[in-house]
Each structure stands twice: as C-alpha cells, then as structure tokens.
Amino acid sequence: MIKVVSYNIHKGIGLDRQRDPQRILDVLHEIGGDVIALQEADRRFGTKARIIPQRLMDEHSPWRAIQIGHDRASMGFHGNALLVRKEAAVQSCATLHIPALEPRGAIRADVVANGTPIRVLGMHLDLSGLWRRKQARAILAHIDGCPARLPTVLMGDLNEWTPAGGCLHDFGRDYPSVQTGPSFHARRPVGRLDRIMTRGFRVVDYGVHASVIARRASDHLPIWAVLDPE
C-alpha cells in the first residue's frame with residue numbers, strides 16, 4: 001500500500017507569520033507519506049528559490065524532490081513539487097503548461113513506490129472557475145496522452161469551493177475524489193479546496209492531518225490517503 005499526501009505549505013509561512021521550513025518538515029514527519037504533492041513550495045518572485053532548503057531535505061528527511069522544472073533554485077514548477085522517498089525510482093516526469101490567467105502549472109511523475117509503478121500529478125489551480133475547468137481538461141488530456149496506463153493519483157489545491165461542480169465535475173468522470181474532509185482555513189477548516197483523486201486504486205484510509213503543529217504551520221491543513229493499487 002502507498003500513503004499519498006497533498007499539502008499547500010503557503011511558502012512556509014505559518015499563522016504566526018513566521019517562515020519556518022523545519023516546521024513544514026515536522027508536519028510531514030508526523031504524517032509519514034510515501035509520495036507527497038506540495039503547493040507553494042517555491043518563492044513566487046526573483047530566483048523562485050525553494051522554501052525548504054536542500055540541506056534540510058538531505059539531512060533531516062527521508063524524501064527527495066523530483067527535479068522536474070529547469071530552474072535549479074526551485075523545488076518544483078510554478079510552486080508545485082513532488083516528494084518521494086529517497087529509495088523510490090522515478091521512471092519519467094514532465095511539466096504541464098496549463099492555460100492560466102496567473103502563473104499556474106502542474107507536474108507529473110511516474111514512480112515506483114513500495115515496489116509498485118504509479119502515476120502522480122500535482123497541481124495548484126486558478127482562482128477563476130472558468131480557468132479551472134480549462135486547466136482540468138488540459139491535465140486530463142495530458143494523462144490520456146501518456147503511452148502507458150498506470151494506477152493514477154491526482155493531488156493538489158484545486159481552489160474549488162463547490163462540492164461536485166466546476167473542475168470537480170470534469171475530474172470526477174474518471175477520477176473520483178477521496179472524501180478527506182475540509183482543509184482550509186487551518187484555523188477553522190470549512191473548505192475542501194485540497195483534493196486527492198484516484199483511478200486504479202482501492203482507498204484503504206484517508207483523512208485531514210490536524211495536529212497542533214499543522215494548525216500553525218500553514219493556512220492549509222495537509223490531507224492524506226492510503227491507497228492499494230488494484
């Protein structure tokens with residue numbers, strides 16, 4: 001089985017307005033995922049440098065970031081990053097240039113996690129409902145164009161407030177959402193903006209990680225699911 005996690009880390013800035021990358025790693029250690037999709041993992045301007053320094057990843061975590069974007073200062077692409085355990089094999093990866101009003105993107109990697117080949121997509125979608133639907137269709141088209149069919153999980157901050165409409169309608173035809181629960185705002189979660197959607201997996205367990213430290217580390221709570229490839 002494979003534990004997947006999605007977490008908008010808000011550029012490492014917690015509710016105390018302090019940027020604390022180690023605190024983000026502490027939250028991830030509490031959850032202990034095998035594959036992790038991060039959003040807002042890089043600074044937005046300037047060098048777009050990674051929020052969690054490479055040294056912390058190397059010395060204080062069991063994960064590594066899949067190098068997907070071309071900017072070596074960044075952890076990912078347009079703030080999206082995928083972390084896997086250091087022993088996991090990465091078979092292929094790609095950046096997705098999706099239609100957007102503001103800088104947005106998605107990333108895809110085919111990895112072998114716990115001995116099982118799976119496909120993982122991380123995303124952070126637009127604030128506009130119209131553009132979210134365009135982005136969902138572009139992501140689905142990318143998956144359809146991949147040469148091999150693999151158990152697939154889509155994760156990220158969809159910015160979708162409706163329970164089943166908008167881009168969730170597009171994704172949901174082939175990738176039903178795991179019912180993890182509300183994750184935003186971390187102080188008082190009411191919005192299910194963060195989603196995990198799957199195809200080719202049996203969902204074993206799931207939840208929203210709402211520990212004391214997670215409620216302070218970001219404005220989003222991380223969500224997780226334990227999946228068993230069918």
Side-chain angles (χ1 to χ4, degrees), residues 4-13 35-51 66 68-71 74-82 93-109 119-146 152-186 189-199 208 218-223 225:
V4 298
V5 180
S6 182
Y7 192 13
N8 184 328
I9 67 171
H10 197 225
K11 300 179 177 64
I13 299 174
V35 181
I36 301 167
L38 298 180
Q39 302 86 49
E40 299 192 25
D42 301 320
R43 295 177 186 264
R44 187 167 185 177
F45 301 107
T47 62
K48 299 183 180 179
R50 56 192 298 146
I51 298 302
I66 299 175
I68 295 180
H70 299 294
D71 188 347
S74 301
M75 180 178 274
F77 174 67
H78 283 309
N80 293 286
L82 288 173
C93 58
T95 57
L96 281 67
H97 296 270
I98 57 178
L101 280 177
E102 52 185 335
R104 297 285 180 178
I107 54 180
R108 188 265 303 166
R119 177 165 292 140
V120 184
L121 285 94
M123 68 191 85
H124 189 184
L125 300 191
D126 210 284
L127 296 175
S128 160
L130 175 63
W131 285 91
R132 284 195 299 273
R133 297 202 69 177
K134 292 180 179 179
Q135 291 165 351
R137 292 165 187 158
I139 291 166
L140 293 170
H142 173 85
I143 299 172
D144 289 342
C146 291
T152 301
V153 55
L154 285 63
M155 301 188 284
D157 179 358
L158 271 57
N159 274 314
E160 183 62 70
W161 285 89
T162 61
C167 67
L168 289 172
H169 176 75
D170 299 297
F171 284 124
R173 285 193 289 265
D174 293 315
Y175 299 90
S177 290
V178 180
Q179 301 302 309
T180 51
S183 56
F184 181 84
H185 187 277
V190 295
R192 294 182 59 204
L193 304 188
D194 303 285
R195 296 280 179 154
I196 296 172
M197 302 166 287
T198 70
R199 183 175 68 186
V208 178
S218 170
D219 59 347
H220 287 245
L221 295 171
I223 60 174

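A quick note: this is a predicted structure, and the numbers were derived from the prediction, not measured. The first residue of the sequence shown is numbered 1, and numbering continues consecutively from there.
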Legend entry - Backbone of Ala109 reached by a side-chain donor or acceptor of Arg119 within 3.5 Å: no
Legend entry - Check: Arg195 main-chain N/O paired with Ser177 side-chain donor or acceptor under 3.5 Å: no
Legend entry - Nearest-0.5 Å distance, NE2 of residue His169 to CD of residue Glu160: 11.5 Å
Legend entry - Any donor-acceptor N/O pair, Ser6 side chain to Gly156 backbone, under 3.5 Å: yes
Legend entry - His142: partners by ring-ring contact (aromatic ring centres under 6.0 Å, His included), with sequence neighbours left out: none
Legend entry - All pairs passing salt bridge (charged side-chain N to carboxylate O under 4.0 Å, His left out) where residues 134-145 contributes a residue, at least two apart: Arg137-Asp170
Inset, instruction - Could you check whether the rings of Phe184 and Trp161 sit parallel, tilted or perpendicular, using 30° and 60° as the cut-offs? - result: perpendicular
Legend entry - Interatomic distance, Arg192 atom CZ to Gln179 atom CD [nearest 0.5 angstrom]: 4.5 Å
Legend entry - Over all atoms of both residues, closest heavy-atom pair of Leu125 and Cys167: CD1-SG, 4.1 Å
Inset, instruction - Decide whether His124 and Asn80 meet the rule of one side-chain donor and one side-chain acceptor closer than 3.5 Å. - result: no
Inset, instruction - Look only at the side chain of Gln39 and the backbone of Ile9, and say whether a donor-acceptor pair between them is shorter than 3.5 Å. - result: no
Inset, instruction - Verify, without hydrogens or angle tests, whether Gln135 (side chain) and Asp126 (backbone) share a donor-acceptor contact under 3.5 angstrom. - result: yes
Legend entry - Non-hydrogen atoms of Pro163 and Leu168 that approach each other most closely: O-CD1, 3.6 Å
Inset, instruction - Show the numbers, then the answer: is there a side-chain contact (heavy atoms from CB on, under 4.5 Å) between Met123 and Leu158? - result: CA-CA 7 Å; Met123 68 191 85; Leu158 271 57; 4.0 Å; yes
Inset, instruction - Please confirm whether the backbone N or O of Gly76 pairs with a side-chain atom of Asp42, one donor and one acceptor, at under 3.5 Å? - result: yes
Legend entry - From Leu101 atom CG to Trp131 atom CH2, the distance as rounded to the nearest 0.5 Å: 5.0 Å
